[in-house]
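This report refers to the structure that appears directly beneath it.
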Amino acid sequence: MRVRFAPSPTGLLHIGGLRTALYNFLLARKHGGTFILRIEDTDRARYVAEAEQDIIDSLRWAGMDFDEGPGKGGPHAPYYQSERGDLYKEAAEQLLAGVHAYVAFDTPEDIEAMRKRLTTKENPNPKYDLGTRASMTNSLTLSEGEVQTRLDAGEPHVVRLLVPEGETIHVQDLVRGDVAFDSAEVDDQILVKSDGMPTYHLANVVDDHEMEITHVIRGEEWLSSVPKHILLYKYLGFEPPKMAHLPLIMSPTGGKLSKRSADKLGIPVNVQQYRDAGYEPEALVNFLAFLGWNPGTEQEVFSMDELIEAYTVERTGQSGVQFNIDKLNWYNGQFVRKLSADEIASRAREAVEKTVGPISEKQLLAVAELMRERLTFAHDLADSTYFFKDPVSYDEAGVKKRWKEDSAELVRLYAHVLEAGDEFTEASTEASMRDLVESQGVGFGQLIHPVRLATTGTTAGAGMFETLVLIGKDACVRRLLSAADALG
RNA sequence: GCCGCGUUCGUCUAGGGGUUUAGGACGCCGCCCUUUCACGGCGGUAACACGGGUUCAAAUCCCGUACGCGGUACCA
C-alpha cells in the first residue's frame, strides 16, 4: 500500500490539508504501507516559496513523518512536479499519438469570445468540449500541415484531452460508492498549459501511476474531476488507484472554511496558527480525525497509535462537517492533563515570563503541578500571575460577594498568626485558620474567601493552603495586610 | 443553469427494516464532590429536512421536492 499527500505550495498548510494528510498517514501506518509527500508546484503564478517548508514543519509537528519526499528522497524522486517534466511530456505525446488528446492554438481571447458568444441563461458556463471544439482552432479542425507549420513557428498552444462522446464514466469511490458521469458533461481539459507545464490532472495521474500509489485520499472538491482522471488512466494504459473523497470542512456559519470566513470568526485555519496558539498537536490530530470519521465505538480520546489501530476508510462520513473550536479546546484540555508537570512548565515558560519576568524552574514546576487540572492550554498558567507577583487589583464581583464588614479585621489577625508561626506548611496554615475562626466565633468561609481574595486577587484557583505555601510566608503576610488596608 | 455529492440533537456523530421511550461526545443547564474555580461523577435540554411510495413494520429501502456543499479555469 502506497499513499501520498500532494499539496500545492500556494500558502501555509491549512487544517483541511492536515486532515487529508492525516487520513493518508493513518491508512499507510495501519497497513505497514508507505506515506509519500509530493509537492505539486505546477502553478508558477501561485507559488509561495515558504509554503513547502511550512508543509514539512507542520507534518512533523503533527507527528506525521513521511517516508518518501522532499529532503528524504526515495525510489521515485524527485518529489517536485516542477522537476518531473519529462514524464508529463512523454505522457502527453502518447495521448496525442493515440488521438486521445489534441493540440489547440486558441488564445485566451478566442476562448473568452467563444464563451461570450455561447453564454445564455440556461448555459452560463459554456465549455470547450465536444460541442464546441469543432468551432475552435486546433488539430482537429486544422490540416496536419497547418498544425505542423504553427508548431514549427513556435506558436503558443495547449494540449487538450479529447473527451469521447456518449460514454458513461464510473468511479468506485471508497466512501461514496459508485458515481457515474456522462462524458458529455466533461470538458476537453487542458493537460499541458502554454508555458509547457502540465495541469494538475495530467501530472497527478502520471505521478500517481509512476509512484505506484495504490490509494488516493483527497477532498471532495476533486470528485467532479475524477472522470477526466479515469479517462487519462485508460488512455495511458494505467490501472487507476482506489479513491476516497473526503467530506469538506465547513465554517461554523456555513459555507466552506476559507481563510477569509475563518478570520472573520476569529478561527485559525493554518496549522502554524494552531501551533502558535499553544495547541497540543495530539489534540488537533484527534479533533481532525473525528471531523468526518469515527471509530464506531464510544471512545473519543485517541493517541496517534490508537488512531492508526482504529482507522478504516470505510468509516469515513459523507457529508460536510462544521468546524467547532469548543470541541477542539476540550480535546486540548484532555491532552494537556496527560502531560507531565515538566512538559507543562516548559510549554508555559515563555508566556509566564512574558507577563511576570524570569522565574525559577522549581517554582514554575510547582505551579504547573498545582494547576494542571485547571488548564485548557499549558500557557494558561500565565493567567495565574499571583503565584509570582502581588495582586494589583481584586476581582470586583468577588469582593462584592466575599468581602464583608469584618473581613479586614479577620484577615489582619490571620496575617499576624502566620507571621508569628514557626512553621508555614499546608497543615500549619490550615490549622491556624481553623483555630482563628473558632476563637473568633465565625464560619470558616468568612475567613478563607477573603484570604483567597487578598492573596490572589481572584475567587478561583487551586487548594487555598497549597496555594499559600507556594506564594510563601512573607508574600502572604504582606498581601493580607495590604488587602485589608485597600479593601477596608 | 447544468453535473456531482450530501441531509439524525446548536455542533461532531452512532444506528442502515422490528433490539430505539433514537445512543455517545462537545456546548448549555442542574445536582453531587468541595473553602473557591476547575477536574471528576450523576442527571437534564435537544435531532431522524419535507412529501409520496414499498412493507405487517421505515430514521433505516425507492422516488420526488426543498435546502446545503462542491465542480463547471492555461488554480490546485
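The analysis underlying the following values was restricted to heavy atoms, covering all of them including side chains, and did not include hydrogens, waters or symmetry mates. By convention in this document, chain letters (A, B, ...) are assigned in the order of the sequence lines, proteins followed by strands, and residues within each chain are numbered from 1.
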*Given B:G70, B:A73, B:G1, which nucleotide is nearest the side-chain atoms of A:R115?*
B:A73

*Rounded to the nearest angstrom, tell me the gap between atom OH in A:Y200 and atom C1' in B:G71.*
14 Å

*Using atom P of each nucleotide, how far apart are B:G27 and B:C61 to the nearest Å?*
32 Å

*Taking atom P of B:G68 as reference, at what distance in whole Å does atom CD of A:Q322 sit?*
13 Å

*Nearest nucleotide by nearest heavy atom, which residue falls closer to the 5' end of RNA chain B, A:D41 or A:G317?*
A:G317

_Base of B:C5 paired with side chain of A:R176 (donor-acceptor, under 3.5 Å)_ = no

*Would you please say whether a donor-acceptor pair under 3.5 Å links the side chains of A:E52 and A:Y80?*
yes

*Any-strand Watson-Crick or G-U partner of B:A49, both distances under 3.5 Å*: B:U65

_Shortest side-chain distance from A:Q334, nucleotide among B:G40, B:A76, B:C3_ = B:G40

*Would you say a side-chain N or O of A:K193 is under 4.0 Å from OP1 or OP2 of B:C75?*
yes

*With both distances under 3.5 Å as the test, what is the Watson-Crick or G-U wobble partner of B:C2?*
B:G71

*Would you please confirm or rule out a distance under 4.0 Å between OP1 or OP2 of B:A76 and any side-chain N or O of A:T42?*
yes

_Looking at B:C26, which nucleotide sits across from it as a Watson-Crick or G-U wobble partner, both distances under 3.5 angstrom, or is there none?_
B:G10

*Does the ring center of A:Y200 lie less than 6.0 Å from the ring center of A:W222?*
yes

*Write down the distance separating the P atoms in B:G30 and B:A22, rounded off to the nearest Å.*
26 Å

*asked:* Taking the minimum atom-to-atom distance to the side chain of A:S8, which one of B:A76, B:G4, B:U35 wins?
replied: B:A76

*With P as the reference atom in both, quote the distance from B:C67 to B:C31 in angstrom, rounded to an integer.*
44 Å

*asked:* With rounding to the closest Å, how many angstrom separate the P atoms on B:G1 and B:U65?
replied: 13 Å

*Please tell me which of the listed nucleotides, B:C5, B:C26, B:C69, lies nearest to the side chain of A:E220?*
B:C5

*Is the A:F465 to A:F424 ring centre distance short of 6.0 Å?*
no

_Of the listed nucleotides B:G1, B:U13, B:U35, the one nearest the side chain of A:R452_ = B:U35

*On a whole-Å scale, what distance lies between the P atoms belonging to B:G44 and B:A49?*
24 Å

*Expressed as a whole number of Å, how far does the P atom of B:C26 sit from that of B:G43?*
14 Å

*asked:* Can you identify which nucleotide, out of B:G24, B:G1, B:A76, has its nearest atom closest to the A:K327 side chain?
replied: B:G24

_From the set B:U36, B:A73, B:C12, return the single nucleotide nearest to any side-chain atom of A:D187._
B:A73

*Report yes if at least one side-chain N or O of A:R46 is closer than 4.0 Å to OP1 or OP2 of B:C74; otherwise report no.*
no

*Check every atom of B:C75, B:G24, B:C26 against the side chain of A:D43 and return the nucleotide holding the closest atom.*
B:C75

*Output yes when A:D207 and A:R4 qualify as a salt bridge under the 4.0 Å nitrogen-oxygen rule, no when they do not.*
no

_Complement of B:U20, any strand, by Watson-Crick or G-U distances under 3.5 angstrom_ = none

*What interatomic distance, in whole Å, is found between P of B:G23 and the corresponding atom of B:U45?*
10 Å

*For A:I111 and for A:L248, find the nucleotide of RNA chain B with the closest heavy atom, then tell me which residue's nucleotide is more 5'.*
A:L248

*Are any of A:Q318's side-chain N or O atoms less than 4.0 Å away from OP1 or OP2 of B:G6?*
yes

*A:E300 has a side chain; which of B:C74, B:G24, B:C26 sits nearest to it?*
B:G24

_Watson-Crick/G-U partner (both atom distances under 3.5 Å) of B:C37_ = none

*Would you please indicate if the ring centroids of A:Y311 and A:W293 are separated by under 6.0 Å?*
yes

*Taking the six-membered ring for Trp, are the ring centroids of A:Y279 and A:F377 within less than 6.0 Å of each other?*
yes

_Given B:G1, B:A76, B:G70, the nucleotide with the shortest approach to the side chain of A:S224_ = B:G70

*State whether the number of non-hydrogen atoms from other residues, nucleotides or ligands found under 6.0 Å of A:E309 atom CD is greater than 12.*
no

*Check whether any side-chain nitrogen or oxygen of A:N123 sits under 4.0 Å from OP1 or OP2 of B:C2, and answer yes or no.*
no

*Answer yes when A:E409 and A:K404 have at least one side-chain N-carboxylate O distance shorter than 4.0 Å, and no when they do not.*
no

_Using the P atom as the point on both nucleotides, what is the distance between B:C62 and B:G71, in whole Å?_
27 Å

*Provide, to the nearest angstrom, the distance between the CZ atom belonging to A:R44 and the P atom belonging to B:A73.*
22 Å

*Answer yes or no: side-chain N or O of A:R374 and base N or O of B:C39 forming a donor-acceptor pair under 3.5 Å.*
no

